[in-house]
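By convention in this document, chain letters (A, B, ...) are assigned in the order of the sequence lines, proteins followed by strands, and residues within each chain are numbered from 1.
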Amino acid sequence: MVLKMGVEAENQNIEKSMIETANNLLKNKEVDVIIGYSKGTVPLSSAPIIIRREEDTDKLIWNNLCYVNLAKYLVPLMPQLCDSEGNSLKIGVVSKGCVGRALIHLAVEKQIKLDDIKIIGIPCNGNINRKRIEKEIGESEILELSIVDNNINVKGKDFEQSFPFDEYLNELCKVCKVKSPPNNESLAEVCVGECLEITSVEDDFSDLDEYESKSTEEKWDYIIDTLRTCTRCYACREACPMCYCHLCFVDQNKPIWFGKTTEISEIITFHLTRAMHLAGRCVACGACSSVCPMGIDLNLITRKLEKIVKGRFNFTSGIDIETLAPMTTFKMDDSEEFMLEED
Amino acid sequence: MEQKILQKDQVGKLYSELSKVYTFYAPIKEKGNIVFKKIENPKDIVLDYLNSKIPPKSVLFPETEVLFEYKLDGKDVEIIDRQDLDDKILIFGIRPCDAYSLELMANFFSFHGNLKDELYLKKKENTTIIGMGCNNPRTTCFCTSVDGNPFKKEDSDIFLTDLGEKYLVEGISDKGKDLIQKLSWLAEAKNADIKKANELAKQAEESITTKMDVKEVTKILESSFQHPVWDEISESCIGCGTCAYLCPTCTCFDVIDETDDYNNKGRRIRIWDTCQSCLYTLEASGHNPRDTKIQRCRNRIMHKFSYYPKNYDLLGCVGCGRCIHLCPVNNDLRVILDKILKVEKKEDEKAIA
Amino acid sequence: MTVQTVDDKSINENWEPKIIAFLCNWCSYAGADLAGVSRIQYPPNIRIVRVPCSGRINPNFIIKSLTDGWDGVLVSGCHPGDCHYISGNLVARRRFAILNELLEFFGIEPGRVNFMWASAAEGERFANLIKKVTKIIKELGPNTKFKKKWC
Ligand code: SF4
Ligand code: SF4
Ligand code: SF4
Ligand code: FES
């Protein structure tokens, strides 16, 4: 890496080259639409936008509040972009690392065809943990957020507070190893913009050590405390690019599998099964936690999923288009140390 | 005189007196979110807040509510009805927009008196509301555009104004006035206090800058069911349902039967539901009349700004702005209504040309 | 089916755990049968649910059993390589591995849910493992924390 720029300058650079790429794609008719982020109307937000005309590309922005995983707009449950007559639109997606990973994994699961897609790679410099900032500011309205000298400055009617950028990133962004969309031989056609040549990811998951050293009782208490305010709105599911089932397990009612109340065992059942269903599929984008209206942090769980899958199957989701998703396959010699044996 | 003064450090005293008679609900901070909960310790009460994350409708219409329970004994079934409907409820420190929302919900739960939801209505009847003015409305608030204002008093029984060190306490309804009579230890308000309260109310109202011609929106909606503007409006929505789930006037619920086979009992419950979920309108036949995102987004706006006015002659929105600042994709209601307002203009132009 | 679940307060020395066992029809279920006809004694704490293959066991079965108040869960299928449907148990093994780690991560005591292989010929092994499972769960005590509270 060359000289470390300030975050602000970085953002400007990213934005500039992103707009340029998007412009070219539209001009050369390589894509019909571009999905990206535009400026939000409230301070700690950004608004996903679908751009069809070249002259609109200057609405695209990049800042550290672009937390929605745009891959969500391509999954089959989102019908508008997959033309009703079946002629697929060619779509350019502004992709930070995890958006790229989501697109690749969706292709692995045969939900989308990458032929119709251009991954406009951008070197993401992390999303701000806006829920944490909101919680720390408490009951005052934030009116303005700006990044100056690697500090997040937050202003309101009668307060001003500053937070160190690196510390107030999303937990997943802090440990992210794939900041730009992965690119390798099989993806060369798809990736434009800034991508990362990688084939595997190394991670020591040391961020989980603290939690994992807790006793079973402590873990249970922690999980209850984290999840108890869940209102079962399922926004986490709706924002997740990997949640594309037409009938989610939690909605099944013939028969009803799971209780739908806010009783704690039922909340935990939802989150446990949700995690189960995302094993080997979660791309660590953090969208679920970013959208939760109750500010519940689900990142610990998603990190654990990554760790399990990496440890057991040496798999990282959304890196490579050739490798099968781990839960759809098996090996004869998969480890089975957890199986009960006679004494 | 119905205008009294409550010192801020007297809230505990008020609580201990009223909680003898009422189940006392007030805003507390739970894991960083303001929510209305039954108060056990008056120290938990947080009155210095913008607005609650979960609207106080959760007091009368909780996320999970038991309708009745049953027990089986061989072939005999015993139905156990709710026993707590006659309990007296007090909601303390509720914002005017939310107080109004409870009133609006009563419309839905009685449907012109034809279909009465006893559960909600009985509880509503037994509820005393102590509202509190908003000295500092959020920038996303627009109550003044939808028949409200930050110091709208008529939906509260008693109304509080935060004067800094103390609250001005005003009896609004007869119920409220009676209650104030009983609280004989409250000091009389001075003219200066009342004057200050009026000033605060004026300031607050002026600070709300979002103004929308919602009547006009209603009119336009009449004829724009098929308009392409809905494509645009729903484009970025991910259907998370936050906007409806946390809306103070949304009343949709799902009824579920739960059985505890192991103990020969069961219950019927209702839980919150949202029209933004694709299963919401799924019919038993498998047909889903609202199976696209466009239809679902349209329904939310139509319901609040067109069907509600048609059914009850009232708007189905109280302007609290929760859906604006909580929507994860920033699908801002103000922008949506603005787009709708532009619909007619375009057509007008066409008509002229 | 009516199972008397344990009243949370009545934990005493005579307490016996109730364990639900999902057994594959082709092996473990037959193994249980063999243990029976061979008159090998094993604790009576398990209630068997016969499934066509360990691959049929949805993790939901296991989680639901816990929230329904069963004190323990046992899952048993054919040894790897012996599955009647060739690979049902191998796919299931990956699933169980993940579920097992997640349960622990969520703070459910290790040992509440157990997985094993037992073939139709292994009546003795089956009985021994049931003894082991019963002992483990007895030591853990009743499953009160993850059981649904009916208010
Ligand atoms: S978004 Fe948050 S509150 Fe909603 S279901 Fe998910 S964790 Fe629960
Ligand atoms: S579970 Fe959360 S972090 Fe993982 S892919 Fe889904 S939204 Fe992203
Ligand atoms: S909160 Fe926003 S994204 Fe969610 S359903 Fe409402 S409009 Fe759509
Ligand atoms: S048939 Fe026994 S595990 Fe598949």
Side-chain angles (χ1 to χ4, degrees), chain A residues 35 38-50 67-69 72-73 77-81 131-132 134-136 138-141 143 157-158 225-226 228-229 231-240 246-248 251 253 256 259-263 266 287 290-296, chain B residues 29-35 46 48-51 53-54 58 62-66 136-140 231-232 234-242 244-246 254 256-259 269 271-272 274 276-279 282 291-294 321-322 324-332 334-335:
Chain A
I35 307 182
S38 67
K39 196 169 177 324
T41 55
V42 286
L44 271 62
S45 77
S46 62
I49 185 174
I50 295 167
Y67 50 81
V68 177
N69 193 325
K72 184 73 197 188
Y73 292 102
L77 278 180
M78 292 277 167
Q80 278 157 323
L81 290 169
K131 298 279 156 103
R132 181 168 165 203
E134 269 173 2
K135 276 191 186 171
E136 284 181 24
E139 289 306 304
S140 304
E141 191 183 6
L143 296 175
K157 206 165 137 198
D158 41 18
D225 189 52
T226 309
R228 69 190 159 93
T229 52
T231 59
R232 307 288 302 266
C233 67
Y234 310 134
C236 45
R237 170 186 81 189
E238 301 302 335
C240 175
H246 279 270
L247 188 59
C248 176
D251 287 329
N253 53 5
I256 290 187
K260 296 168 194 297
T261 71
T262 41
E263 193 267 329
E266 297 189 339
S290 297
V291 305
C292 173
M294 303 308 287
I296 294 173
Chain B
K29 196 162 212 163
E30 188 184 54
K31 302 221 59 148
N33 300 312
I34 298 284
V35 284
V46 180
D48 191 11
Y49 72 110
L50 289 163
N51 204 352
K53 181 65 80 57
I54 297 190
S58 64
E63 289 136 295
T64 304
E65 180 166 33
V66 177
N136 293 306
R138 289 181 91 117
T139 47
T140 46
D231 295 349
E232 209 183 303
S234 63
E235 199 159 61
S236 68
C237 170
I238 53 174
C240 73
T242 303
Y245 223 73
L246 297 186
D254 192 7
I256 286 170
D257 288 339
E258 292 192 325
T259 51
I269 58 169
I271 53 169
W272 287 356
T274 129
Q276 302 306 298
S277 139
C278 57
L279 294 180
L282 182 64
D291 68 346
T292 66
K293 193 171 72 173
I294 304 177
R322 283 187 182 86
I324 299 176
H325 66 261
L326 291 174
C327 174
V329 300
N330 191 233
N331 200 359
D332 190 324
R334 295 169 296 187
V335 179

Residue selection (most heavy-atom pairs with chain B, distance under 4.5 Å) from [options]:
options                               : value
A:Cys292, A:Ser140, A:Pro43, A:Gly259 : A:Ser140
A:Ala47, A:Ser45, A:Cys233, A:Ala239  : A:Cys233
A:Leu44, A:Thr262, A:Leu143           : A:Thr262

Quick one: what part of [X] sits under 4.5 Å from any heavy atom of chain B, side chain, backbone, both or neither?
X        : answer
A:Lys157 : side chain
A:Asn253 : neither
A:Val68  : side chain
A:Thr261 : both
A:Ser46  : backbone
A:Arg228 : side chain
A:Ser290 : neither
A:Ile49  : neither

Find out whether [X] and [Y] are in side-chain contact, i.e. whether some heavy atom of one side chain is under 4.5 Å from a heavy atom of the other.
X        : Y        : result
B:Leu326 : B:Ile324 : no
B:Arg322 : B:Asn51  : yes
B:Pro328 : B:Cys240 : yes
A:Arg232 : B:Glu63  : no
A:Thr231 : A:Met294 : yes

Counting only non-hydrogen atoms closer than 4.5 Å, does [X] touch chain A with its backbone (N, CA, C, O), its side chain (CB onward), both, or neither?
X        : answer
B:Asn33  : side chain
B:Ser277 : neither
B:Asn331 : neither
B:Ile271 : side chain
B:Tyr245 : side chain
B:Val335 : side chain
B:Lys53  : side chain

Item to check | When B:Asp257, B:Asp254, B:Ile54 are compared by non-hydrogen pairs under 4.5 Å with chain A, the top option | outcome: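 Ranked by contacts with chain A, first place is B:Ile54.
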
Item to check | Options B:Ile256, B:Val46, B:Asn330, ranked by heavy-atom pairs under 4.5 Å with chain A, top entry | outcome: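 It is B:Asn330.
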
Next on the checklist: Would you say A:Glu141 and B:Thr139 are linked by a side-chain donor-acceptor pair, where the criterion is simply a distance under 3.5 Å?
Outcome noted: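 Indeed, the side chains of B:Thr139 and A:Glu141 share at least one donor-acceptor pair under 3.5 Å.
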
Item to check | side-chain contact (heavy atoms from CB on, under 4.5 Å) assessment of B:Thr242 paired with A:Tyr234 | outcome: CA-CA 9 Å; B:Thr242 303; A:Tyr234 310 134; over 6 Å; no

Checklist entry - Can you name the residues that form a side chain to side chain contact (heavy atoms under 4.5 Å, CB included) with A:Thr226, not counting sequence neighbours? => result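 Partners of A:Thr226 by the side chain to side chain contact (heavy atoms under 4.5 Å, CB included) criterion, ordered by chain and then number, come out as A:Tyr222, A:Ile296.
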
Item to check | Stepwise side-chain contact (heavy atoms from CB on, under 4.5 Å) check, B:Lys29 with A:Glu139 | outcome: CA-CA 10 Å; B:Lys29 196 162 212 163; A:Glu139 289 306 304; 4.0 Å; yes

Checklist entry - Quick one: CG on B:Leu282 to NE2 on A:His246, what's the gap to the nearest 0.5 Å? => result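 The CG atom of B:Leu282 sits 12.0 Å away from the NE2 atom of A:His246.
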
Checklist entry - Partners of B:Arg334 by side-chain hydrogen bond (donor to acceptor under 3.5 Å, both in side chains), sequence neighbours excluded? => result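 Per chain and number, B:Arg334 pairs via side-chain hydrogen bond (donor to acceptor under 3.5 Å, both in side chains) with B:Asp332.
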
Next on the checklist: A:Asp251 vs A:Arg237, test: salt bridge (charged side-chain N to carboxylate O under 4.0 Å, His left out). Steps then yes/no.
Outcome noted: CA-CA 12 Å; A:Asp251 287 329; A:Arg237 170 186 81 189; 3.1 Å; yes

